[in-house]
Structure formats: structure tokens, C-alpha cells
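To start, the structure itself, in C-alpha cells.
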Amino acid sequence: MGLKLIYTVDWINNSELMQPTLVSELNEEIIKRTKLPKYVRIFDTTLRDGEQTPGVSLTPEQKLRIAHQLDNLRVDSIEAGFPVVSEGEYQAVKSIANAKLRSEVCALARCSKEDVDVAIECGVDCIHLFIATSDIHLKHKLKMGRKDVLKRAVDHVKYAKRKGITVEFSAEDATRTDLDFLKEVYKAVTKAGADRINVPDTVGVITPKAMYHLISTLKQEINVPISVHCHDDFGLAVSNSLAAVEAGAEQVHVTVNGLGERAGNASLEEVVMALRSFYGIKPKVRTPLLVETSELVERLTGVPVPPNKAIVGENAFAHESGVHVHGILSFPGTYEPLSPELVGHHRRLVVGKHAGMRSIEKEVREMGLKPTKKQLEEITKHVKSLCDKGKRITDADIRAIAEHIVGKLPEEKKAVEIKEVLVSTGNTITPTATVRLVVRGKERVGSSVGVGPVDAAINAIRGAIAEVSKLRLKEYHLDAITGGSDALAEVTVKLEDEEGNLYLSKGVREDVVLASVEAMINGINRYFLRRS
Ligand code: KIV
Ligand code: ZN
């Protein structure tokens, strides 16, 4: 039993993307015994259930922008909204319905003539008609009996069908509905003309095995395509959707980034990639557009995608530990079941305290630097010590550290060494600094004041090393490499000697004064080296 190679990117011409998806062969054993549907429709409800995410509200223009993206992604259906709820929603659904999209455009409607009429007025291709069927909803929400609910469902399916529109019917809270009654409702609505039935796990309360059982049971009774709509209250939305497919469901409701009421719905990107990778079922979705779609929805809804979100999260293809990076560098399949390019993502080797020298070396070499082994060790040590202090290291940090270390003079060529730096500053005292240095093997101490602690420290250096009296500080530049008051400070100084020679040097520390002293001393060492 080992790995199974599945070439999932049949429709992508770029051969570079033809990386195999490596999943366990054990799946295959189970799937062999399952009668899977040939095709699974992707019904995207980002613009309806996704917009019901607490705090999310999209303008009609934003909804149209997302609809175009979903169409470009090639989802089969776009649930554009619930047009009866507001004028803006009505306009949004109407504009999406009139946008000549390839995808089927659907609108949500309760079992009410007004809802159906308004949806039809918008010009949609399909009505998603729903009514609750569980006793909890009947008793506490609808205050109706089962018979009335059944009649209402049938009447409105017939009403919508008479208008010549595709009808998908949902029995809201299906998974908490008495199974016999549920079967009765679904049979009656299909007889009334419903084109598809949808099974909502409205509050995410079913397990994959139970979902498998439910869909298998319905499959025996219903002769129209069956769809599922799973919520993620227990984190099972994707698993339940896949279990439904294993039982024969031909359509799955999904949302981009798993948005939706409460904990959200099954995520589009996870369901699509799982269908392709585990079952060989290939929805039309153009997977390389998944990340950009996720980013667009994140930006417009304002709901951030967690970094550890499968498929599209920032860390989905990021590797930190030395062992993993080693594996990835020799064969990506060791720690990447699917290729990042397949979903429009990119691989990231993150440098953190678990990083090995190899990943730091790769990173640094990609920056065009050629450190020696010793320098590499020093860079790695520096990076890890920052990580141990809880800092998040970025590429810019590594660059600054590496440039600084690679650009440093070898120890034996340094005439000046810093031993100690003391500064005192405040709003009631004059900034004062004392530096203790070793110059060509002899200790020297210098003290001075300045307009600030950096100025005082530089003056103290000048005081300690009389030989640099003619060395002019031509430029001083301070960069905070990353945000935050604990950011790494990178100080660059340009010194000019009496003959006009320039000495550019850097200091990189978490402390601005120390970084400045380091930059000055590095420049002075270069000056001494030249003179000798
Ligand atoms: O979760 C749900 O039951 C729904 C229905 C409207 C289908 O979103
Ligand atoms: Zn829902």
C-alpha cells in the first residue's frame, strides 16, 4: 500500500503544472466499492449563504464582481441572492441574471408566490425554493403542521414550474427531519416538477456516516439529481458533503472560503480539490483560479482567510521545519500532496526557529548573496535568536541580516572591536554615551553628549578614535525592517575620508543605538583597512 498518482490537471496545458497529486492508495480501496456519480455540480452560494456570514454585506456592484469571478472559475450554478429581502439585493440578483454568465444563475425563494414572482422578475435561470420540514422548525418557527408544509411546498413548486423555470427544492433542516416525512416531501415535490432536490444540513448536525445513509436512502426513492448543503457547526461540512457524494449526490452547495451562516458552509476550494484528488471527479472549476477567487472574496467581504485554511490559506504550501524543507527541496511530493500551482498558490519556505541552515541558505542564495559556510552559520544563529524572542521573521529581515553578515569584514581584518556601549537619555537629561572599544589590541574609552542617544554614541566613538577625526559622516539612514516597536533596525552609514573615498556600511540590531554604533564601527574598519 503506498501512494497513488492521480494526474488531475487534464485541462491545463502548461506541462509545468502537471505535478501529480499524491494521495493514499487506501482511499482507492474504499472508493472501488462505491458507486460514484460521474459528475458533481458545483452550486456556489457565496453570494447568498456566504453573504449571511455575520457582519458581511455586499453592494450590488461587489456581488456582480464576485459573480463574474465565479463564472470565470466555471462553477455550475451561482446562487446570486434572496431578491425579496431588499431593493439592493433585488438589483444585485437582477444584474447578475442579466450579465450573460455561463453559469446557471439562481435566486432563493421561500414557498410564497411573492418570493417566486420577484425571483422570476429578476430573470434568473433557476429558483431555489425552500421550506423547513423538521418538527423543531414547524413548531417554533413556522407554527404549521406537517400536512400544511407539504401542501405549501408542492403548490409552490407547481407554481414556479408553471412559469417555466428550473426549480431546486430544499427541505430546510432536512437532517433533523423525520426520515419518513422527509421522503414524503421530496417525493411529492419531484412529482410536482422539482428538477433537483437539495438536502440541507442546516445546523451542521450530521456525521459523514449518517449523511451517507440519508443520501443512499433518498437515492432509492427519488429520481431527480440530489444535492447537499452542509454547514460547518462541528467542522464537518466538507466531510459530510463528500459522504453525500459517495452515496450518490450529484451536486454540492459550497461557498468560497467556507463563508456562510454561523460557522459557514462547505468550502468550495476544499470540496473541489477533494473531489478531484480522492475520487477522480472533475468539476469544471478552473482550479488555478482558486486562490485569486479566495482573495477577491476575502477583500470584498472583509472576512480574513485564516493562514492555516486548507488549499487557499497563506500557510497551505508553506514549510518551516528543517526536516520538511529538506524533503521539499529534494522532492516536493514528500510534504505537498498537491502542487501549489494547481490551485494558483505558491510554495513558501518559511524561516523560523525550526528552520534548518538549508532553507536559510536557499533563501539567501535566491537573494543573490553567496555566504560562506561560516557566514551561513552566523546568519542562521542570528535568525534563530530573533525567533526565540518571538519575532516573526520576514524575507526583508533575512536579507538585512544576511547582507550585513556577508558584507562584514573577516574578524582578522578588523582593527576596531566594540566591547561596550552605554547610553542615557530622557526628557530631562542631556543624552550621553560611553563606548568601550578595542583598537588594534588596545582598549580605549570615549564619552560624549549629543542631540540624541545616536548622536551621543557616534560622538563618543569619535572621541575614542582620534584617527577618524577627518572621517565625515556623509549619510545616515535608518530602516525599521518590519513593523512594530520591536522591529529590527537597519542603519546604513556612508563615511567619506579626506581623499573623497566612500565607505558604505550597515548595522542590524533590534536597538537603534547599537545598530548605529555597529554601522559606524564597520565603516571605520573599512577605512582602516584601506589605509593599511
Ligand atoms: O442552511 C440552509 O438550510 C439554507 C437553506 C436556505 C437551504 O441555507
Ligand atoms: Zn445554509
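Atoms within each ligand, like the ligands themselves, are counted from 1 in listed order. Keep in mind it's a predicted model, so treat the numbers as computed, not measured.
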Hey, is E261 touching ligand 1 through its side chain, its backbone, both or neither, going by heavy atoms under 4.0 Å?
neither
Could you tell me whether the side chains of N257 and S294 share a donor-acceptor contact shorter than 3.5 Å?
yes
Would you check whether D49 has a nitrogen or oxygen atom less than 3.5 angstrom from a nitrogen or oxygen atom of ligand 1?
yes
May I ask you to decide if [Y]'s main-chain N or O and [X]'s side chain share a donor-acceptor pair within less than 3.5 Å?
{"X": "D44", "Y": "V75", "result": "no"}
{"X": "T46", "Y": "V256", "result": "yes"}
{"X": "D115", "Y": "R110", "result": "yes"}

How far is [atom] from the closest protein heavy atom, and which atom is that?
{"atom": "atom 1 (O) of ligand 1", "value": "H231 NE2, 3.0 Å"}
{"atom": "atom 4 (C) of ligand 1", "value": "H229 NE2, 3.5 Å"}
{"atom": "atom 3 (O) of ligand 1", "value": "T202 OG1, 2.6 Å"}

Answer yes or no: does atom NZ of K151 have more than 12 heavy-atom neighbours from other residues, nucleotides or ligands under 6.0 Å?
no
With a cut-off of 2.8 Å, which protein N/O/S atoms are close to the Zn ion (ligand 2), if we only count those under it?
D49 OD2, H229 NE2, H231 NE2
Give the atom numbers and elements of ligand 1 that come within less than 4.0 Å of a heavy atom of H128.
7 (C)
The atoms of ligand 1 lying under 4.0 Å from a heavy atom of S170, numbered in the order shown, are 7 (C)
Set of salt bridge (Lys or Arg N to Asp or Glu O under 4.0 Å) partners for E104, sequence neighbours left out
R41, R196
For the aromatic rings, using the six-membered ring if either is Trp, is the centroid distance between H253 and H229 under 6.0 Å?
yes
Under the 6.0 Å and 45° cation-pi test, does R146 pair with F181?
yes
Return the orientation label for the Y159 and H156 ring planes: parallel under 30°, perpendicular over 60°, tilted otherwise.
perpendicular
Min side-chain heavy-atom separation K143-L138 under 4.5 Å
no
When you measure from atom 8 (O) of ligand 1 to each heavy atom in R48, E172, E168, which option holds the nearest one?
R48
